[in-house]
Amino acid sequence: MSSVESSYKKLISVVIPVYNEIEVIDTCFNRLTEVMDGLDEFDYELVFIDDGSKDDTCKRLVEIQQTDEHVRVIKLSRNFGHQIAVTAGIDEAGGDAVIIIDADMQDPPEVIPEMIQKWSEGYDVVYGVRKRRVGESRLKLFTASAFYRILRSFTNIEIPVDVGDFRLMSSRAVSQLRKLREKDRFIRGLVSWIGFRQIGLPYERDERLAGETKYPYRKMIKFALDGITSFSNVPLKLASWLGYLTSLLAFLYLVSVFVQKLMGYTIEGWATIMVALLLLGGVQLICIGIIGEYIGRIFNETKSRPMYIIDTVHGFDSSLSKEQKPE
Ligand code: UDP
Ligand code: MG
């Protein structure tokens, strides 16, 4: 393809966060290339973000980059987490549309042409809706499903259910997303928050190609809390309602204690005191914990550290600022 010809074509950026994915990286590259090469009327770039992999993923990515001019590699200085890796990719992607996809091919690249079709029809965001999820544990399916439903009932922003980060975004949606610099990120919610014309595209989520999930339960819980705390203050309200309720019960009990005292019963009631003490202690700690989740995030924001640090980049011409480039 000549450069004159390509300059008339719209550019599609595919952003792929990768963390210790040496087993899948070649298949991922090949499948994406096959799909993207098939789209004659578009030019494309594959923006891989190496999120501080400890295996040879980055080395392999750089090798691939040297053989294919569509490939760009951003190596972050350490592991910053999936949502931040995706953000780094979105920040540097230069396309008229940007697609986010996982490296483990759970999101089939073959759906991309349909996403592009919807974008051509004028949609700004085309998000994949997981119709069926193959090969994931029942516990994961149950917790994921419960989480999306709780989140939906807690927030008044329309965050669609069973939707991951696999999506296409128009350049105007991307430029709005880039302005949202919050640190504890829940990207799928941020994209819903932006608005514009959005549409879901059902697809079947496959099994991970190889290797293990990079989202252990610890990270999933942090991610779920990020989703809830950044889009809802219902937990804070629950904490105060819990406070009102226990105060009311305590007050009623106080009246009963007072009456008993007047009637001459005094010493008895050790068990009752213990129960009340433990109950109140528990409720108080839960409420402090809820407040703590929010305060921790406020603390993160106030430090105003950069969200991520780039170590090296490969395959970009002059689009990245000099200070981010290696010496
Ligand atoms: N990932 C990442 N940084 C992390 C964890 C994951 O860049 O700290 C990438 C990972 O390589 C994959 C995507 O994010 O491309 C989704 O991760 P994974 O498939 O392990 O999550 P799951 O599908 O099990 O929820
Ligand atoms: Mg996966």
Side-chain angles (χ1 to χ4, degrees), residues 13-32 46-61 64 71-93 98-109 111-112 127-148 151 162-167 183-189 203-227 307-311:
S13 303
V14 185
V15 166
I16 315 114
V18 281
Y19 177 53
N20 295 345
E21 299 285 12
I22 192 71
E23 289 127 310
V24 302
I25 204 67
D26 280 83
T27 320
C28 168
F29 166 69
N30 291 333
R31 266 175 75 181
L32 279 170
L46 304 179
V47 184
F48 288 95
I49 303 91
D50 175 60
D51 188 17
S53 296
K54 292 174 185 74
D55 60 10
D56 284 337
T57 304
C58 192
K59 196 167 139 234
R60 182 70 198 125
L61 280 174
I64 295 176
V71 177
R72 327 240 178 278
V73 180
I74 302 171
K75 176 178 166 31
L76 298 183
S77 63
R78 63 170 172 84
N79 178 245
F80 281 90
H82 170 244
Q83 297 285 295
I84 293 192
V86 169
T87 307
I90 291 172
D91 287 347
E92 305 306 340
V98 176
I99 295 168
I100 308 172
I101 191 167
D102 285 353
D104 60 359
M105 297 288 100
Q106 280 194 282
D107 310 322
V111 179
I112 290 178
Y127 51 81
V129 181
R130 298 159 176 178
K131 254 197 314 198
R132 201 164 61 95
R133 298 168 75 161
V134 188
E136 287 184 291
S137 74
R138 278 185 176 207
L139 186 61
K140 178 148 186 172
L141 294 186
F142 173 74
T143 45
S145 148
F147 165 69
Y148 286 117
L151 182 64
D162 300 331
V163 169
D165 286 325
F166 181 34
R167 59 186 59 221
K183 305 287 186 325
D184 296 293
R185 300 174 78 72
F186 186 67
I187 293 177
R188 55 201 76 167
Y203 75 101
E204 294 204 355
R205 189 158 160 89
D206 292 330
E207 228 167 311
R208 176 176 254 284
L209 213 58
E212 283 182 358
T213 174
K214 308 300 177 296
Y215 256 100
Y217 271 96
R218 180 178 51 81
K219 282 192 187 173
M220 264 171 55
I221 291 169
K222 153 91 172 78
F223 183 57
L225 286 174
D226 282 343
M307 211 182 300
Y308 55 85
I309 294 175
I310 294 179
D311 181 341

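Atoms within a ligand are numbered from 1 in the order they appear, just like the ligands themselves.
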Start with the C-alpha gap between Asp165 and Arg188, add the side-chain angles, then the distance that decides, and say whether salt bridge (charged side-chain N to carboxylate O under 4.0 Å, His left out) holds.
CA-CA 6 Å; Asp165 286 325; Arg188 55 201 76 167; 3.2 Å; yes
Salt bridge (charged side-chain N to carboxylate O under 4.0 Å, His left out) with Asp50: which residues, sequence neighbours excluded?
none
Distance under 4.0 Å to a non-hydrogen atom of Thr213: what atoms of ligand 1 satisfy this?
20 (O), 21 (O), 22 (P), 24 (O)
What about Tyr19 and His82, are their ring centers closer than 6.0 Å?
no
Classify the ring geometry of Phe29 against Phe48: parallel below 30°, tilted from 30° to 60°, perpendicular beyond 60°.
tilted
For Asp184, enumerate each residue passing the salt bridge (charged side-chain N to carboxylate O under 4.0 Å, His left out) test, keeping only those at least two apart in sequence or located in another chain.
Lys222
Can you tell me if Arg205 contacts ligand 1 (heavy atom of the residue under 4.0 Å from the ligand)?
yes
Identity of the nearest option to atom 25 (O) of ligand 1, non-hydrogen atoms only, from Met220, Lys140, Gln106:
Lys140
Contact between Ile16 and Ile49 at the side-chain level, heavy atoms closer than 4.5 Å - yes or no?
no
Non-neighbouring partners of Arg185 that pass salt bridge (charged side-chain N to carboxylate O under 4.0 Å, His left out), sequence neighbours left out
none
Ring centres of Phe223 and Phe186 under 6.0 Å apart?
yes
Quick one: look at Ile16 and ligand 1, take heavy-atom pairs under 4.0 Å, and tell me if it's side chain, backbone, both or neither.
neither
Distances under 2.8 Å only: what protein N/O/S atoms are near the Mg ion (ligand 2), ordered by chain and residue?
Asp104 OD2, Gln106 OE1
Is Glu212 in polar range of ligand 1, meaning some N or O pair under 3.5 Å apart?
no
Pair Lys214 + Glu21: basic N to acidic O under 4.0 Å
yes
Heavy-atom pairs closer than 4.0 Å: do any link ligand 1 to the side chain of Lys214, the backbone, both, or neither?
both
Counting only nitrogen or oxygen atoms and a 3.5 angstrom limit, does Ala85 reach ligand 1?
no
Just go through Gly89, Gly164, Gly211, Pro17 and tell me whose heavy atom is the nearest to atom 9 (C) of ligand 1.
Pro17
